[in-house]
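Below: one structure, written as structure tokens.
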Number of protein chains: 2
Amino acid sequence: MVTLAEVAQHAGVSASTVSYVLSGKRSISTTTRQRVEQSIRELGYHPNAGARALASSRSNIIALMIPLRTDMYVPVMMEIAIAVATTARTHGYDVLLLTGEEGPDAVRRVTGSGLADAMILMDVELDDERLPLLRDSQQPSVLIGLPAETAGLTCVDLDFKATGALCVEHLATLGHRDIAVIGEAPAVYERHTGFAERTLDGLRLRSQELGIRLLHRPCEGGYDAMAVTLARILDERPGTTGFVVQNESAVEPLLALLRQQGRAVPEDVSVLAICPDQVATQASVRLTSVSIPAQEMGRHAVEQLVAKLDGRGSDEVVLIAPELTVRASTGPASS
Amino acid sequence: MVTLAEVAQHAGVSASTVSYVLSGKRSISTTTRQRVEQSIRELGYHPNAGARALASSRSNIIALMIPLRTDMYVPVMMEIAIAVATTARTHGYDVLLLTGEEGPDAVRRVTGSGLADAMILMDVELDDERLPLLRDSQQPSVLIGLPAETAGLTCVDLDFKATGALCVEHLATLGHRDIAVIGEAPAVYERHTGFAERTLDGLRLRSQELGIRLLHRPCEGGYDAMAVTLARILDERPGTTGFVVQNESAVEPLLALLRQQGRAVPEDVSVLAICPDQVATQASVRLTSVSIPAQEMGRHAVEQLVAKLDGRGSDEVVLIAPELTVRASTGPASS
DNA sequence: ATAGGTTATCGAAGCGCTTCGACAGTTTTT
DNA sequence: AAAAACTGTCGAAGCGCTTCGATAACCTAT
């Protein structure tokens, strides 16, 4: 294993000079720099991460806490994680993967041991028990998701309330007066996941303003659950012509069931999904959708964090504006 | 920040004693141990990760390299990643998330810097350019997936060849003589991803042995691509009564198309999927399937790695035996 | 010319931990 | 009763790096 000292010796300079070449924290003459860089290359030198962390009290690692659960759309999580990892790398950071399993203890462990310089938390609940710890710790952190109380925290999320409103507006503009919302699984609402509730708020508020009748039903997803849910909706509101689907695993079942019942999409009923673009374009009908900007969220979170670590940046809530893409699943109301 | 020295002072012992209490590498009297543990608790001490890594040249971190691509079934990746992370924790390791983006450089960086003690590689290609590096480095590693040449490497994977064979056997037993295979996207075969080719080997070999006619068609997945693929298959082999689907995003489209054409599952045609159980049970027909044991693979990989790190264990290839679960999508051949 | 300011480099201290050898005290073996 | 072997603890060295003065060499302005 090659050390800094060996590089220094090989280049005929002192260890500190090599260190300054590496960090750029002091000016170095061009000739010395080149000689050192040459030695580094020849010897195949890689700075030792542990030593560096010890001496500088910076690990250059960002911890990413992902949920254990798989009852919500996993590809979104994955996409965020990948975006976080790649963006972090462009800023010289690596990413430590923590699962929600350890809960608040993980926050303590990572903060206390200096394993990571900062944290990103996904799948934050409205009243998350990890939040007090974050507020107290000196460690910068960013949440992906929005808790009930955001004071002293930095958050990045899609503006789900605006998303809900946007969905209603789109369908209202097309003349739909009766809209049904296929929501996430009941468990998601029970544990007060912010995004689900905020979407609902937006949907309700805007439909009230526009005089739209709105029906919301949680749904486990999958074919059987969707069949039951749909039957109940059509029973209670036979005049329903517009559907907003927030549970991605209910999308395809819904389309299949509608087809089966002889209801054409978009001629008889319109279906609007809140989902990643990939799902919208791969479905059996090309879906009009509000996309979930997973990549953008991951990237944003890292950039906020890096700004904080550099002493720039401050606590703020970044809500990404929703974008609706019209495809082939929505059209004018039929009746 | 609390240090070892402060704990030592608080407990009235030397620093090395505290260290030995923590590591258990030398015997400590019960009274001393308890006093030290008490101090640790009272002061809220957490060992500094960097210092520990430097002094012991062990970071207690396992690097996990996941593919950047999203053309293959992402939930499986995610499930493996989560299994790796949680299993690693039970052995005292954390997980560093690397994306394939950096390629072989990531291997050099992590190996060289001592950032991680060991590596797990996912989505290994048959002739992966990271493999020579792994063979040379002293760092223990485990592959999830099977490259062309496994000498000097430890691999964990589902036995996809046996999986292919098992699929054919199941359909053959039910009397099917003409089987079509809906494969992964063409790109997956082009980059010689081992599992896709090995599945095909198994399918071909066993159908030859059993005198089954087999047709294999790659498929991008999604509704439109599946429609084209299905039309071509039924055109070339109108007598096809059994389908084996390896591309999860083609499953639901296939079922919808068959339904649309008035072919009942399983009465007229049988559909057998190679996919995670979750997909099989959530589909519009409960699918007979060979499950992809993502969790088991992740767990296994970590355990192999930990064994190596402890000086136990050796290079070996672990192929997990496939398990076929009969559900409602396969039945006796109709003709 | 000389004081003051830069620029480029070095030496040394120290980050918080592990680990090795030493040693006193106790137990076992012969 | 002496020799050999443990046990439990300590002190000190050192892991590989960063960073803080210090210092010498070189520029400017007066």
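Quick caveat, the model's predicted, so the values are computed rather than measured. By convention in this document, chain letters (A, B, ...) are assigned in the order of the sequence lines, proteins followed by strands, and residues within each chain are numbered from 1.
- When heavy atoms are screened at a 4.0 angstrom cut-off, B/Leu4 is found touching base atoms of the nucleic acid.
- Contact check for B/Met78 versus A/Ile66: side-chain heavy atoms found under the 4.5 Å cut-off.
- Between B/Pro147 and B/Cys155, the closest side-chain pair of non-hydrogen atoms falls below 4.5 Å.
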message: Test side-chain hydrogen bond (donor to acceptor under 3.5 Å, both in side chains) on A/Ser29 and A/Thr32; report intermediate values, then the result.
response: CA-CA 5 Å; A/Ser29 70; A/Thr32 307; 2.8 Å; yes
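- Using a 4.0 Å cutoff to heavy atoms of chain A, the contacted part of DNA chain C runs 5' to 3' from C/dT7 to C/dG16.
- Contacts with DNA chain D (heavy atom under 4.0 Å) in residues 7-19 of chain A: A/Ser16, A/Ser19, listed by number.
- Using a 4.5 Å heavy-atom threshold, the side chains of A/Ile61 and B/Leu96 count as touching.
- At least one side-chain heavy atom of B/Glu79 sits less than 4.5 Å from a side-chain heavy atom of B/Gln295.
- Under the 4.5 Å side-chain criterion, counting only non-hydrogen atoms from C-beta, B/Ile80 is in contact with B/Ile144.
- Heavy atoms of B/Ser23 sit nowhere under 4.0 angstrom from any nucleic acid atom.
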message: Test salt bridge (charged side-chain N to carboxylate O under 4.0 Å, His left out) on B/Asp159 and B/Arg198; report intermediate values, then the result.
response: CA-CA 8 Å; B/Asp159 189 339; B/Arg198 283 184 289 128; 5.3 Å; no
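- Near DNA chain D, meaning a heavy atom under 4.0 Å away, the residues from residues 44-61 of chain B are B/Leu54, B/Ala55.
- What separates CZ of B/Arg35 from P of D/dG8 is a distance of 14 Å, to the nearest Å.
- Contact annotation: the side chain of A/Arg135 approaches that of A/Glu149 to within less than 4.5 Å [non-hydrogen atoms, C-beta and beyond].
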message: Please determine whether salt bridge (charged side-chain N to carboxylate O under 4.0 Å, His left out) holds for the pair B/Arg89 and A/Glu101, giving the CA-CA distance in whole Å, both sets of side-chain angles, and the decisive distance to 0.1 Å.
response: CA-CA 10 Å; B/Arg89 280 303 308 145; A/Glu101 198 182 36; over 6 Å; no
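- In this structure the side chain of A/Gln139 never reaches within 4.5 angstrom of the side chain of A/Leu134, judged on heavy atoms.
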